[in-house]
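So the structure is just underneath, and the comments pick up after that.
We use all heavy atoms of the structure for the numbers below, so side chains are in, but hydrogens, waters and symmetry mates are not. Proteins come first, then strands; the chains are lettered A, B, ... in the order of their sequence lines, and each starts at number 1.
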Number of protein chains: 2
Amino acid sequence: MRYSKQRKEILEIVKSTNSHPTADWIYERVRMQVPNISLGTVYRNLRQLVDNDLIHARTVNGMVHYDGSLGDHQHFYCTNCNTLYDLDLSLEDFVSEITENLGYVIHGCDLQLNGVCNSCQQDQ
Amino acid sequence: MRYSKQRKEILEIVKSTNSHPTADWIYERVRMQVPNISLGTVYRNLRQLVDNDLIHARTVNGMVHYDGSLGDHQHFYCTNCNTLYDLDLSLEDFVSEITENLGYVIHGCDLQLNGVCNSCQQDQ
DNA sequence: GTATATGCAAACAATTTGCACGCCT
DNA sequence: AGGCGTGCAAATTGTTTGCATATAC
């Protein structure tokens with residue numbers, strides 16, 4: 001995989017935020033650095049970066065969000081303000097227990113808790 | 001909410017399978033009973049049934065799958081055969097523990113384990 | 001009788017793809 | 001030099017919506 005200006009910039013953007021951006025948000029961002037980049041290029045690069053495991057992708061509310069942190073963590077989604085928070089929570093033990101019981105080979109897991117976050121609770 | 005022939009049929013189909021069907025699969029099924037039903041009607045009904053909490057919806061690989069079992073359970077997705085299995089696994093205790101620690105109000109949770117299922121392991 | 005649901009087709013939004021050209025290595 | 005990456009626009013796909021008609025209650 002080659003590293004074009006576009007690809008480097010996209011990777012940099014995803015890595016440098018913890019806001020779990022969508023392709024469109026990333027597109028707007030890259031355009032500040034690479035004004036005439038096309039949306040197709042953004043999609044192609046995001047896909048390639050995911051395939052090469054340099055970033056992760058997850059679907060929330062039917063839209064794909066990208067995540068630059070590759071460590072073992074899970075997510076909390078506030079149904080009020082639609083923010084996706086990182087949960088510093090490892091499921092390694094939990095998952096290996098399930099593996100033993102069922103005989104599945106587990107490659108990854110994906111826990112998302114939905115609810116109302118602290119700041120939204122205060123607003124109500 | 002009224003119960004038209006179409007709506008009854010769609011609910012029946014989703015309730016009577018554990019294969020987590022997509023809208024399109026359901027559309028093909030309903031057409032056997034209601035030949036000139038439209039795809040739009042299928043989508044409208046699925047949405048309404050989800051809104052009224054008669055069925056559940058979850059996104060896997062960017063496509064919405066519907067689930068007629070409302071009990072507390074989670075899912076295992078085989079990345080080899082793309083089957084979504086039910087996991088008879090309650091996360092109630094686990095989740096309430098996290099709630100206490102972080103102060104979030106949790107409305108629901110969604111765990112998906114990805115890997116290779118037993119029959120796919122045997123095939124390889 | 002009236003509100004709600006339907007079929008149909010057009011509109012949408014997110015994403016993918018074909019193609020000719022351009023740039024990394 | 002050769003292959004991978006790009007920009008652009010058109011195509012796909014999954015889903016939603018507007019409208020006139022039909023149906024449940």
Exercise for the section: Report yes if a side-chain nitrogen or oxygen of B:Tyr43 is closer than 4.0 Å to either non-bridging phosphate oxygen (OP1 or OP2) of D:dT16; otherwise report no. Expected result: no
Exercise for the section: Send over the distance from B:Asp24 CG to D:dG14 C1', rounded to a whole Å. Expected result: 9 Å
Problem - Sequence neighbours excluded - ring-ring contact (aromatic ring centres under 6.0 Å, His included) pairs with any residue from residues 17-47 of chain B - result: B:His20-B:His75
Exercise for the section: Report yes or no: does B:Lys15 contribute a side-chain atom to a donor-acceptor pair with the main-chain N or O of B:Leu54 at less than 3.5 Å? Expected result: yes
Problem - Interatomic distance where CG belongs to B:Asp51 and P belongs to C:dA5 [whole Å] - result: 12 Å
Problem - Phosphate-side-chain proximity, A:Gln48 and D:dC4, N/O vs OP1/OP2 below 4.0 Å - result: no
Handout entry: Where protein sits on nucleotides 18-25 of chain D, one letter per nucleotide: B base, S sugar-phosphate only, - none, heavy atoms under 4.0 Å
Key = B----BBS
Completion exercise
Per atom distances to the B:Asn45 side chain, the nearest of C:dG7, C:dT15, C:dT6 is C:dT6
Completion exercise
When rounded to whole Å, the CZ to P distance for the pair B:Arg31 and C:dT6 reads 16 Å
Practice task
Please state how far atom OH in A:Tyr27 lies from atom C1' in C:dT15, giving the value in whole angstrom units.
Solution key: 14 Å
Handout entry: Options D:dT15, C:dG7, D:dT6, nucleotide nearest the side-chain atoms of B:Val64
Key = D:dT15
Problem - Test log, rule salt bridge (Lys or Arg N to Asp or Glu O under 4.0 Å), inputs A:Arg31 and A:Glu28 - result: CA-CA 5 Å; A:Arg31 290 220 288 174; A:Glu28 292 304 331; 3.5 Å; yes
Exercise for the section: Give a yes or no on whether B:Asp53 atom CG has more than 12 heavy-atom contacts from other residues, nucleotides or ligands under 6.0 Å away. Expected result: yes
Exercise for the section: May I have the distance from A:Ile37 (atom CD1) to C:dC21 (atom P), rounded to whole angstrom? Expected result: 21 Å
Practice task
Please answer whether the main-chain N or O of B:Asp67 pairs with a side-chain N or O of B:Arg58 as donor and acceptor at a distance below 3.5 Å.
Solution key: no
Problem - Where B:Leu49 and B:Arg7 come nearest, the two heavy atoms and their spacing - result: CD2-CG, 4.3 Å
Problem - B:Arg47 side-chain N/O to C:dA5 phosphate OP1/OP2 under 4.0 Å - result: no
Exercise for the section: Select one nucleotide: of C:dT17, D:dG5, D:dG7, the one nearest the side-chain heavy atoms of A:Arg7. Expected result: D:dG5
Exercise for the section: Take the protein atom CD of A:Glu9 and the nucleotide atom C1' of D:dG5, then report the distance between them rounded to whole Å. Expected result: 16 Å
Practice task
Mark yes when over 12 heavy atoms from residues, nucleotides or ligands other than A:Asn52 sit less than 6.0 Å from its CG; otherwise mark no.
Solution key: yes
Exercise for the section: Can you tell me the distance, in whole Å, between the CG atom of A:Leu11 and the P atom of D:dG5? Expected result: 14 Å
Practice task
Using whole Å, report how far CG of B:Leu39 lies from P of C:dC8.
Solution key: 11 Å
Handout entry: B:Ser38 vs C:dT6: side-chain N/O to OP1/OP2 distance below 4.0 Å
Key = no
